[in-house]
Amino acid sequence: MSRPRKRLAGTSGSGNGCDAQRLFAIPGGVLKNRNPLVTDKGLSGKRTKTENSGEALAEVEDSNPQKTSATKNCVKNLSSHWLMKSEPESRLEKGVDVKFSIEDLKAQPKQTTCWDGVRNYQARNFLRAMKLGEEAFFYHSNCKEPGIAGLMKIVKEAYPDHTQFEKSNPHYDPSSKEDNPKWSMVDVQFVRMMKRFIPLAELKSYHQAHKATGGPLKNMTLFSRQRLSIQPLTQEEFDFVLSLEEKEPS
DNA sequence: GCCAACGTTGGC
DNA sequence: GCCAACGTTGGC
């Protein structure tokens, strides 16, 4: 049951029931630990059950589990930029179309949506590390042309993903209890389209080249952890991807 | 549609 | 706690 990619609850494009209050719920105390230990361990390339299953982490939470579980062990300064995957083409999952493209995001009220359906502990921990105002690339996956389509920003920090409790939802998780939710989501708002679509293939060719030259994309998570649906980018990675907008497609 | 990569589950 | 079997992700 790993479902790292965003799925809209119910029909895509329609209101999803979590837009109403979010823009006005501005959490205080924004400047806390920025990075989870999992992040650090994760990036080191180790892979163990404990690290990936986040269950241990879930136990180590303080009074604000949705936001702080991942930040218990702070490393430092790893990331305030993100990449989030979503499928822009129709695909049925338990009879529900999980399509959600950047155009769909633009069409939402306030161009904002809750990023529900993430069912992978590592991805969830990254969601919980996200801070208000941070920027994320909207990545189109599992489609004709995978790649980075645009930019969005975090407008509400992690809170419980209501779809985990909805039996009819494709991402229903019977093992999660209302008084101790397992899964989190954030709200994101459309910022802009990329000036041009940045295809995965192009990113990959830079990644390959940079592995040899030590360039900015040499360790990009998109390639080192190909299945992770929510991933951090370093400042250098983020800036480099943005710089590609100005270049000719390669 | 294929299948490599890789996360999760559960028996032991 | 190990690890084989299984299921999913997602590029191609």
Side-chain angles (χ1 to χ4, degrees), chain A residues 1-9 12 36-59 69-70 82-102 104 115-129 136-150 161 163-164 169-177 181-185 197-211 217 219-233 241 244 249-250:
Chain A
M1 127 128 45
S2 112
R3 261 280 147 331
R5 292 171 296 174
K6 175 191 168 37
R7 264 77 161 164
L8 264 201
S12 64
L37 178 58
V38 259
T39 305
D40 182 53
K41 280 183 162 181
L43 291 174
S44 76
K46 279 178 58 181
R47 233 179 299 118
T48 72
K49 196 173 199 171
T50 340
E51 285 159 6
N52 283 336
S53 88
E55 285 294 35
L57 280 154
E59 314 297 338
S69 72
W82 309 96
L83 180 147
M84 303 167 79
K85 298 180 183 176
S86 185
E87 301 187 32
E89 295 173 5
S90 286
R91 187 174 66 80
L92 292 185
E93 195 173 311
K94 298 186 183 168
V96 177
D97 192 350
V98 296
K99 159 179 153 42
F100 191 79
S101 70
I102 196 163
D104 295 322
W115 204 267
D116 65 315
V118 171
R119 298 292 182 270
N120 168 282
Y121 287 111
Q122 198 174 19
R124 178 202 70 179
N125 291 340
F126 285 131
L127 283 176
R128 291 180 177 181
F137 287 125
F138 193 119
Y139 178 89
H140 281 174
S141 72
N142 202 17
C143 57
K144 262 283 171 38
E145 200 178 20
I148 294 173
D161 178 345
T163 66
Q164 68 196 298
N169 191 281
H171 308 120
Y172 173 61
D173 182 355
S175 74
S176 183
K177 301 299 168 213
K182 245 184 211 181
W183 305 111
S184 300
M185 62 187 181
F197 183 84
I198 311 292
L200 174 64
E202 181 174 344
L203 294 170
K204 185 180 281 180
S205 71
Y206 281 111
H207 170 63
Q208 293 297 347
H210 289 182
K211 280 196 290 186
L217 298 195
N219 293 322
M220 197 179 188
T221 306
L222 193 55
F223 305 104
S224 56
R225 302 247 157 115
Q226 59 182 231
R227 289 174 49 178
L228 191 58
S229 69
I230 305 288
Q231 19 186 289
L233 279 81
V241 172
L244 293 179
S250 57

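Within every chain, numbering begins at 1; the chains are lettered A, B, ... in the order of the sequence lines, protein sequences first and strands thereafter.
Separating the CG atom of Asn120(A) from the C1' atom of dT8(B) is a distance of 10 Å, rounded to the nearest angstrom. The CG-P distance, from Leu228(A) to dA5(B), rounds to 17 Å in whole Å. For the pair Lys182(A) NZ and dT8(B) C1', the interatomic distance rounds to 11 Å; values are reported in whole Å. The nearest whole Å value for the distance from the CD1 atom in Ile148(A) to the P atom in dG10(C) is 14 Å. Per the geometry, CG belonging to Asn125(A) stands 14 Å off C1' belonging to dG7(B), to the nearest Å. Rounded to a whole Å, the CD atom of Gln231(A) is 12 Å from the P atom of dG7(B). To the nearest angstrom, P of dG10(C) lies 7 Å from CZ of Arg227(A). Rounding to whole angstrom units, CD of residue Gln122(A) and P of dT9(C) are separated by 15 Å.
At least one side-chain nitrogen or oxygen of Tyr139(A) sits closer than 4.0 Å to the OP1 or OP2 atom of dG11(C).
The closest side-chain donor-acceptor pair between Arg119(A) and Ser176(A), if any, does not fall under 3.5 angstrom.
Comparing dG10(C), dC6(B), dC12(C) by their nearest atom to the side chain of Lys85(A) picks out dG10(C).
Using a 4.0 Å heavy-atom cutoff across all strands shown, Phe223(A) reaches no nucleic acid atom at all.
A heavy-atom distance below 4.5 Å is not found between the side chains of Met185(A) and Val118(A).
Shown here are the side-chain hydrogen bond (donor to acceptor under 3.5 Å, both in side chains) partners of Glu89(A), two or more places apart in sequence or in another chain: there are none. Annotation: side-chain contact (heavy atoms from CB on, under 4.5 Å) contacts of His207(A) (sequence neighbours excluded): Lys211(A), Phe223(A).
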